[in-house]
Trainee: 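Structure below; questions to follow.
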Amino acid sequence: MAMRAAVLGAFGSAPSVEDVELMTPGPHDVVVRPGAVEVCVTDSYALRPGPLAHPPAILGHSAAGVVEEVGAAVTTVVPGDRVVVAGTPECGECFWCDRGEPHQCREIFEGAVRHVARRADGTPISAAGGVGTYAERLLLREYGVVRVPTSLADEHLCLLSCGATSAMGAVFGIARVGLGDTVAVFGAGRIGGWIVQCARLAGAVRIVAVEPMAERRERAAGLGATHVLDPADGDVVERIRDLTGGRGADVAFEAAADAAAVRASFDATRRGGVVVPLGMVDWGVTVDLPVNDLAMRGREIRSCQYGNVDVRRDLPRFARVLESGLLDPAAMVDRTYPLAEAGKALAAAADRELITAVLLPQC
Ligand SMILES: NC(=O)c1ccc[n+]([C@@H]2O[C@H](COP(=O)([O-])OP(=O)(O)OC[C@H]3O[C@@H](n4cnc5c(N)ncnc54)[C@H](O)[C@@H]3O)[C@@H](O)[C@H]2O)c1
Ligand SMILES: [Zn+2]
Ligand SMILES: [Zn+2]
């Protein structure tokens with residue numbers, strides 16, 4: 001099938017929207033017509049050498065849309081179903097998937113390259129992150145889509161492919177923020193904004209957002225932060241301790257994509273507290289941590305990869321939370337872009353001109 005897609009031709013180049021040919025689906029594949037695609041800062045990391053893309057590659061890892069075609073062996077979806085695309089793949093048969101840890105699936109970390117389309121000259125095009133959603137049609141494996149009957153518009157449903165799900169998983173599943181907790185959030189961008197919303201829903205009484213950009217601090221306050229701190233205004237760790245009788249936060253989330261913020265989130269947490277680092281930096285960047293604190297002070301560092309969710313269990317119930325109004329997707333989306341402006345949308349997200357850009361691949 002002929003279609004348009006935003007393709008990264010080579011590392012370091014700008015993505016270009018090209019006419020390509022979607023490959024024929026196999027027995028376990030589905031073809032999805034995406035209605036909306038959440039643009040994620042992580043998609044911009046795929047522009048640089050690393051494991052996220054193997055150029056030429058269709059960028060993107062989030063989408064919501066409608067199933068258009070299914071392979072002969074597909075049993076869980078039929079044409080016409082509304083689906084959310086799983087933001088990271090889950091093969092269902094590797095060591096980690098078998099252990100109930102699909103967020104560590106081999107397809108995410110072991111360099112699987114999936115070809116989904118061809119250029120006019122026949123060159124195969126891969127899917128960034130094994131997903132590849134900046135396109136008019138998506139060729140995915142059955143396990144890469146989850147049927148979600150919902151009244152949500154695609155522009156909001158697609159947020160379950162990345163931001164909303166990562167935050168709900170982090171707050172409710174990984175950290176288990178509880179009533180009366182004090183929560184610190186380092187970085188009040190897209191992910192941090194969702195975490196602030198989720199922490200409020202979880203019943204946290206103090207939500208401290210640490211963010212250098214003034215307009216984002218203001219936005220965090222509107223989403224539920226009770227305190228906003230500018231890291232340029234002195235020692236934020238001390239200020240979080242001051243707010244908590246000298247103890248530190250019960251839970252700290254790092255969504256700043258900054259190694260210093262990872263360290264600060266650890267230092268800002270009380271003895272026995274929980275630290276959840278979410279931000280991605282360049283591969284190989286490290287952070288120093290005090291050994292005796294690790295050994296003696298009971299803080300747990302809990303990793304978060306797409307909220308560590310089980311997509312089939314979690315995405316339908318997360319959709320119900322968005323439908324109910326308990327969390328507000330409209331407050332997170334700033335602007336929609338047609339597919340032809342995919343590069344512009346990605347640059348706007350990476351340059352922090354907006355919190356969430358949504359691509360409309362059929363426009
Ligand atoms: N682990 C996961 O499940 C997961 C899921 C989605 C995205 N991510 C990653 O999370 C990170 C954040 O994504 P995003 O879309 O929210 O990005 P974003 O750019 O919208 O937000 C990052 C925010 O951190 C702020 N910041 C920068 N340095 C800071 C510091 N030292 N202290 C406090 N704040 C600081 C920035 O001003 C910005 O507002 C990215 O690295 C992304 O790849 C992780
Ligand atoms: Zn797997
Ligand atoms: Zn993402």
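Start at 1 and go down the list; that is how both ligands and their atoms are numbered.
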Trainee: Heavy-atom count around Glu218 CD within 6.0 Å, excluding the residue itself: above 12?
Mentor: no
Trainee: What is the nearest protein non-hydrogen atom to atom 40 (C) of ligand 1, stated with its residue, atom name and distance?
Mentor: Tyr45 OH, 3.4 Å
Trainee: For Arg313, look at atom CZ and say whether over 12 heavy atoms of other residues, nucleotides or ligands are found less than 6.0 Å away.
Mentor: yes
Trainee: Can you check which of Ala255, Ala257, Cys40 brings a heavy atom nearest to atom 22 (C) of ligand 1?
Mentor: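 Shortest heavy-atom distance from atom 22 (C) of ligand 1: Ala255.
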Trainee: If you count the non-hydrogen atoms of other residues, nucleotides and ligands that lie under 6.0 Å from CG in Asp233, is the total more than 12?
Mentor: yes
Trainee: Answer side chain, backbone, both or neither: which part of Met280 comes under 4.0 Å from ligand 1, heavy atoms only.
Mentor: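 Within the 4.0 Å criterion, Met280 contacts ligand 1 through backbone and side-chain atoms alike.
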Trainee: Looking only at non-hydrogen atoms, which of Ala259, Ser62, Ala261, Ala256 approaches atom 24 (O) of ligand 1 most closely?
Mentor: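 The nearest heavy atom belongs to Ala256.
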Trainee: What does the angle at the Zn ion (ligand 2) come to, between atom SG of Cys94 and atom SG of Cys97, rounded to 10°?
Mentor: 110°
Trainee: Let me confirm one number: the CD1-CZ distance from Ile195 to Phe186, rounded to the nearest 0.5 Å.
Mentor: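 Going from the CD1 atom of Ile195 to the CZ atom of Phe186 covers 12.0 Å.
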Trainee: Counting heavy atoms only, which of Ala349, Ser161, Pro212 is nearest atom 34 (N) of ligand 1?
Mentor: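 The nearest heavy atom belongs to Pro212.
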Trainee: Once you restrict to heavy atoms under 4.0 Å, what part of Cys304 touches ligand 1? Side chain, backbone, both or neither.
Mentor: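 For Cys304, backbone and side-chain atoms both sit under 4.0 Å from ligand 1.
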Trainee: How does Arg216 reach ligand 1, by side chain, by backbone, by both or by neither, if only non-hydrogen atoms under 4.0 Å count?
Mentor: side chain
Trainee: Under 3.5 Å between any N/O of Leu278 and any N/O of ligand 1: does that happen in this structure?
Mentor: yes
Trainee: Answer yes or no: is there a side-chain heavy-atom contact under 4.5 Å between Phe95 and Arg106?
Mentor: no
Trainee: Heavy-atom contacts under 4.0 Å between Cys162 and ligand 1: side chain, backbone, both, or neither?
Mentor: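 Under 4.0 Å from ligand 1, Cys162 contributes side-chain atoms alone.
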Trainee: Any donor-acceptor pair under 3.5 Å linking the side chain of Arg299 with the backbone of Thr269?
Mentor: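 Present.
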Trainee: Which heavy atom of the protein is the closest neighbour of atom 37 (O) of ligand 1, given with residue, atom name and distance?
Mentor: Glu211 OE2, 2.7 Å
Trainee: Does any N or O of ligand 1 fall below 3.5 Å from an N or O anywhere on Ile355, backbone included?
Mentor: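 Between Ile355 and ligand 1 (N or O atoms, distance only) the closest approach is not under 3.5 Å.
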Trainee: Rounded to 10 degrees, what angle sits at the Zn ion (ligand 3) between Cys40 SG and His61 NE2?
Mentor: 120°
Trainee: Below a 4.0 angstrom heavy-atom separation, can you tell me which part of Ile191, side chain or backbone, both or neither, approaches ligand 1?
Mentor: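 Both backbone and side chain.
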